[in-house]
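We use all heavy atoms of the structure for the numbers below, so side chains are in, but hydrogens, waters and symmetry mates are not.
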Amino acid sequence: MKRWKRTEGEKQKNTGKKQIKRIVSLFFLLAAVLAALFIYRLYREDKRYVDRFEELEKAEEQDTGYDKKKPENGNPDWIGWLKIRNSSISYPVMQWQGDAEYYLHRDFDGAYSFYGTPFLDIRCTPDSDNCIIYGHNINGGRMFGALHAYAGESYYKKHPEIQFRAGEEKRTYQIMSVLQTDISSPVYSFVDTGNHEEYREYVRKILAGSLYRTEMAGQIEKKLAEESEDDFFRIYQFLSLSTCRSWAGRNQRLLVVAARERDTK
């Protein structure tokens with residue numbers, strides 16, 4: 001009798017073990033299915049992202065990119081194109097006045113996108129003293145993740161220019177400063193200023209924070225030394241590209257600031 005009870009107990013114990021194994025197996029199977037679905041979703045989004053930007057880049061290279069009347073290009077929020085030669089950075093630049101971060105997680109057509117689309121600060125116009133453009137730091141050097149290569153001076157020497165088509169005007173900016181900073185950087189406060197002294201002070205702070213000295217920085221420093229506040233005022237227009245440094249902290253940022261002399265003719 002005792003032997004029968006012991007055998008029955010063993011059977012119940014084995015049954016319990018089998019049920020636990022089934023539950024664990026089902027859990028891992030469900031986790032694997034969810035992971036596969038997530039990877040597939042990322043793959044689809046990645047492909048859509050790549051295909052759409054390639055289509056837009058082709059239109060841009062053919063000088064038809066700014067024709068907003070074309071159905072395939074028709075987004076009134078499209079204000080320009082950003083490009084750094086011989087790099088992965090070649091993207092449309094957006095701006096929607098209704099929401100400062102509308103394109104932070106939206107693609108060119110307004111659909112949700114993890115990658116987002118580079119966008120101009122809502123406080124800026126293409127003619128502001130400093131045009132601030134934001135983009136995500138995506139692994140693999142996508143979007144503005146590629147900007148982190150500018151932490152090395154050798155990369156800057158091979159990529160000293162930034163091209164920005166603002167509307168129908170094609171502009172070329174020379175990189176002035178590369179800053180590893182945070183959201184308190186004075187660059188984010190510098191948009192437009194009517195104050196001669198304030199403009200000069202912003203420029204000095206941007207120069208002082210750079211990881212290394214660029215050729216354009218040398219030209220601007222020379223102007224600062226030679227020109228009066230009145231004469232130096234708004235000689236240059238600046239373009240600031242901003243992305244995060246998430247590994248360094250939530251509020252840490254990388255800024256690549258470029259400048260061009262304004263056409264005063």
Side-chain angles (χ1 to χ4, degrees), residues 42 44-68 70 72-97 99-122 124-126 128 130-150 155-156 158-175 178 237-246 253-258 260:
L42 284 181
R44 285 186 62 190
E45 182 176 339
D46 187 69
K47 190 175 187 310
R48 180 166 56 88
Y49 152 88
V50 170
D51 290 349
R52 186 60 168 133
F53 281 137
E54 284 181 352
E55 177 187 8
L56 292 166
E57 185 174 24
K58 184 177 180 181
E60 180 69 21
E61 290 174 351
Q62 293 173 348
D63 287 330
T64 61
Y66 201 64
D67 187 355
K68 294 179 180 178
K70 289 191 174 184
E72 66 271 24
N73 300 339
N75 188 334
D77 299 337
W78 183 7
I79 63 165
W81 194 274
L82 185 72
K83 184 178 179 67
I84 298 176
R85 288 186 182 277
N86 301 316
S87 83
S88 61
I89 293 181
S90 183
Y91 297 113
V93 177
M94 317 301 285
Q95 187 183 54
W96 191 44
Q97 290 296 329
D99 184 345
E101 296 186 343
Y102 183 79
Y103 283 97
L104 186 65
H105 286 298
R106 292 181 187 270
D107 63 17
F108 177 86
D109 301 299
Y112 173 81
S113 169
F114 172 76
Y115 301 105
T117 309
F119 60 95
L120 182 67
D121 192 299
I122 198 170
C124 300
T125 73
S128 289
N130 182 28
C131 296
I132 307 171
I133 299 176
Y134 303 93
H136 276 302
N137 172 21
I138 303 296
N139 290 337
R142 293 192 173 182
M143 303 309 289
F144 278 11
L147 292 177
H148 287 280
Y150 277 107
Y155 187 83
Y156 146 71
K158 294 177 182 177
H159 307 81
E161 295 182 352
I162 300 175
Q163 296 176 339
F164 178 44
R165 173 181 59 71
E168 296 181 354
E169 180 186 1
K170 294 182 178 181
R171 304 171 177 175
T172 299
Y173 296 78
Q174 304 296 320
I175 291 175
V178 178
Q237 186 199 34
F238 301 92
L239 178 71
S240 299
L241 308 185
S242 171
T243 194
C244 67
R245 296 189 297 134
S246 53
R253 298 291 185 269
L254 176 85
L255 280 160
V256 177
V257 184
R260 70 178 185 117

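- Checked for salt-bridge contact, Glu60 and Lys83 miss the test: no charged N lies under 4.0 Å from a carboxylate O.
- Under 3.5 Å, the side chains of Tyr134 and Asp121 contain a donor-acceptor pair of N or O atoms.
- Aromatic ring pairs are classed by plane angle as parallel below 30°, tilted from 30° to 60° and perpendicular above 60°; the pair His136 and Phe114 is parallel.
- Within the model, atoms CD1 of Ile84 and NE2 of His159 stand 8.0 Å from one another, a figure rounded to the nearest 0.5 Å.
- Shortest non-hydrogen contact noted between Trp78 and Pro92 is NE1-CB, 3.6 Å.
- Under the side chain to side chain donor-acceptor pair (under 3.5 Å) criterion, Trp96 pairs with no residue at all, not counting sequence neighbours.
- Pairing each heavy atom of Ala258 with each of Tyr173, the nearest pair is CB-CB, 3.5 Å.
- The two residues Ala149 and Tyr155 make their nearest non-hydrogen contact at O-CB, 3.2 Å.
- Side-chain contact between Cys131 and Leu239 is present, with at least one heavy-atom pair separated by less than 4.5 Å.
- Considering only heavy atoms from C-beta on, Leu254 comes within 4.5 Å of Val178 through its side chain.
- We find that Glu55 and Arg52 are joined by a salt bridge, their nearest charged nitrogen and carboxylate oxygen being less than 4.0 Å apart.
- A donor-acceptor pair is defined here as one N or O able to donate and one able to accept, closer than 3.5 Å; no such pair exists between the side chain of Thr243 and the backbone of Gly145.
- A distance of 6.0 Å or more separates the ring centres of Tyr150 and Tyr156.
- When all heavy atoms of Cys124 and Asn130 are compared, the closest pair comes out as SG-O, 3.4 Å.
- Residues satisfying the side chain to side chain donor-acceptor pair (under 3.5 Å) test with Glu161, not counting sequence neighbours, are Gln174.
- For Lys170, the salt bridge (Lys or Arg N to Asp or Glu O under 4.0 Å) partners are Asp63, not counting sequence neighbours.
- Side-chain contact between Asn75 and Met94 is present, with at least one heavy-atom pair separated by less than 4.5 Å.
- Atom CG of Asp77 and atom CG of Asp99 lie 10.5 Å apart (nearest 0.5 Å).
- Proximity of a side-chain donor or acceptor of Arg165 to a complementary backbone N or O of Gly167 within less than 3.5 Å is detected.
- Side-chain atoms of Thr117 do not come within 3.5 Å of backbone N or O of Tyr103 as any donor-acceptor pair.
- Residues Pro126 and Glu169 fail the side-chain proximity criterion, which asks for heavy atoms closer than 4.5 Å.
- At a threshold of 4.5 Å between non-hydrogen side-chain atoms, the residues Phe144 and Leu82 count as touching.
- Looking at Trp81 and Ser90, their side chains come closer than 4.5 Å, going by heavy atoms from C-beta outward.
- Expressed to the nearest 0.5 Å, how far CD1 of Ile162 lies from CG of Leu147 amounts to 7.5 Å.
- Within the 4.5 Å cutoff, no side-chain heavy atoms of Glu54 are placed close to those of Leu56.
- At a threshold of 4.5 Å between non-hydrogen side-chain atoms, the residues Arg253 and Cys244 count as touching.
- The two residues Val93 and Phe164 come nearest to each other via the heavy atoms CG2-CE1, 3.9 Å.
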